[in-house]
Every structure is written in structure tokens, then in C-alpha cells.
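Computed from heavy atoms alone, side chains included, the values below leave out hydrogens, waters and symmetry copies.
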Amino acid sequence: MEQGMSFNFHFEEDNFDEFADKLKECDVEYVHPIVEHSWGQRVVRFYDPDKHIIEVGENMKIVCKRFFNSGMTPEQVAERMGVPMKFVNACMR
């Protein structure tokens, strides 16, 4: 097996925009820039110095709140994210 690239790490970030801005100040090699998945979560992937892939995604509760704050109804949020209403309701608390 090739050295490095044998592990992928995934983290969730509550303040994704702030994280993305700080990441731009670092000298990192991106796997890909920020993308938004069909369910609304924004993620970025980059390599650590050992060539392991690091993925940082927006916290799913924050995604839910972002959609709700944009004017979507809880039902629209659940449909957009593909999650049950129970999850949406828990995020709104």
C-alpha cells in the first residue's frame, strides 16, 4: 500500500464559513474546494501533510437552522435535507 492516503478523517464544524476563511490562509492542497451536497451540507476536503484526506463538513444541525432561517418551513427543510421531521424539530429547539 502506498504510504499516506490510507485514512480519511471527517469532522463537522459549527461555524463553517469562519473555518473556510481560515483554511484559505493556510498552505493546503485541496482534494476539492467547498461543495454543497444535495441535502444542503457544505464540505471541503484537503490533504494533511502525510496525504491523508481531511473532510470538514458543516454541522447538520446548523444546515437545518440555515434553511429554516432562510424562510423554509420545517416540512420544506425535512424534504430538502431528506431527514425526518423529528430531526428538524430537534434542531429548532
Can you find a heavy atom in the side chain of V44 that is under 4.5 Å from one in the side chain of F19?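 Yes. Closest side-chain heavy atoms under 4.5 Å.
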Compare all side-chain heavy atoms of I53 with those of F9 and state whether any distance is below 4.5 angstrom.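 Side-chain contact under 4.5 Å: no.
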Under the criterion side chain to side chain contact (heavy atoms under 4.5 Å, CB included), which of V56, V28, I54 is the partner of L23?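 Single pass found, and it is V28.
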Over all atoms of both residues, closest heavy-atom pair of C64 and F87: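 Scanning both residues, the minimum pair turns out to be CB-CE2, 4.4 Å.
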One pair to check against side-chain contact (heavy atoms from CB on, under 4.5 Å): M92 and V77. What are the steps and the verdict? CA-CA 11 Å; M92 296 301 113; V77 172; 5.7 Å; no
[Y] reachable from [X] in the ILVMFWY side-chain graph, under 4.5 Å edges:
| X | Y | value |
| --- | --- | --- |
| F67 | M60 | yes |
| F11 | V43 | no |
| V35 | F16 | no |

Just how far is it from atom NZ of K22 to atom CG of N15, taken to the nearest 0.5 Å?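 Reported value, rounded in 0.5 Å steps: 8.5 Å.
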Above 12 or not: heavy atoms from other molecules or residues under 6.0 Å from CD of E79?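 Incorrect, the count does not exceed 12.
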Within the side chain of [X], is there an N or O that forms a donor-acceptor pair under 3.5 Å with the backbone of [Y]?
| X | Y | result |
| --- | --- | --- |
| D50 | H52 | no |
| R80 | S38 | yes |
| E13 | E58 | no |

Over 60° means perpendicular and under 30° means parallel, so tell me whether H37 and W39 are parallel, tilted or perpendicular.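 Because their plane-to-plane angle is under 30°, the rings of H37 and W39 count as parallel.
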Electrostatic pair [X]:[Y] at N-O distance under 4.0 angstrom:
| X | Y | result |
| --- | --- | --- |
| K51 | E29 | yes |
| R42 | D17 | yes |
| R45 | E55 | yes |
| K24 | E18 | no |

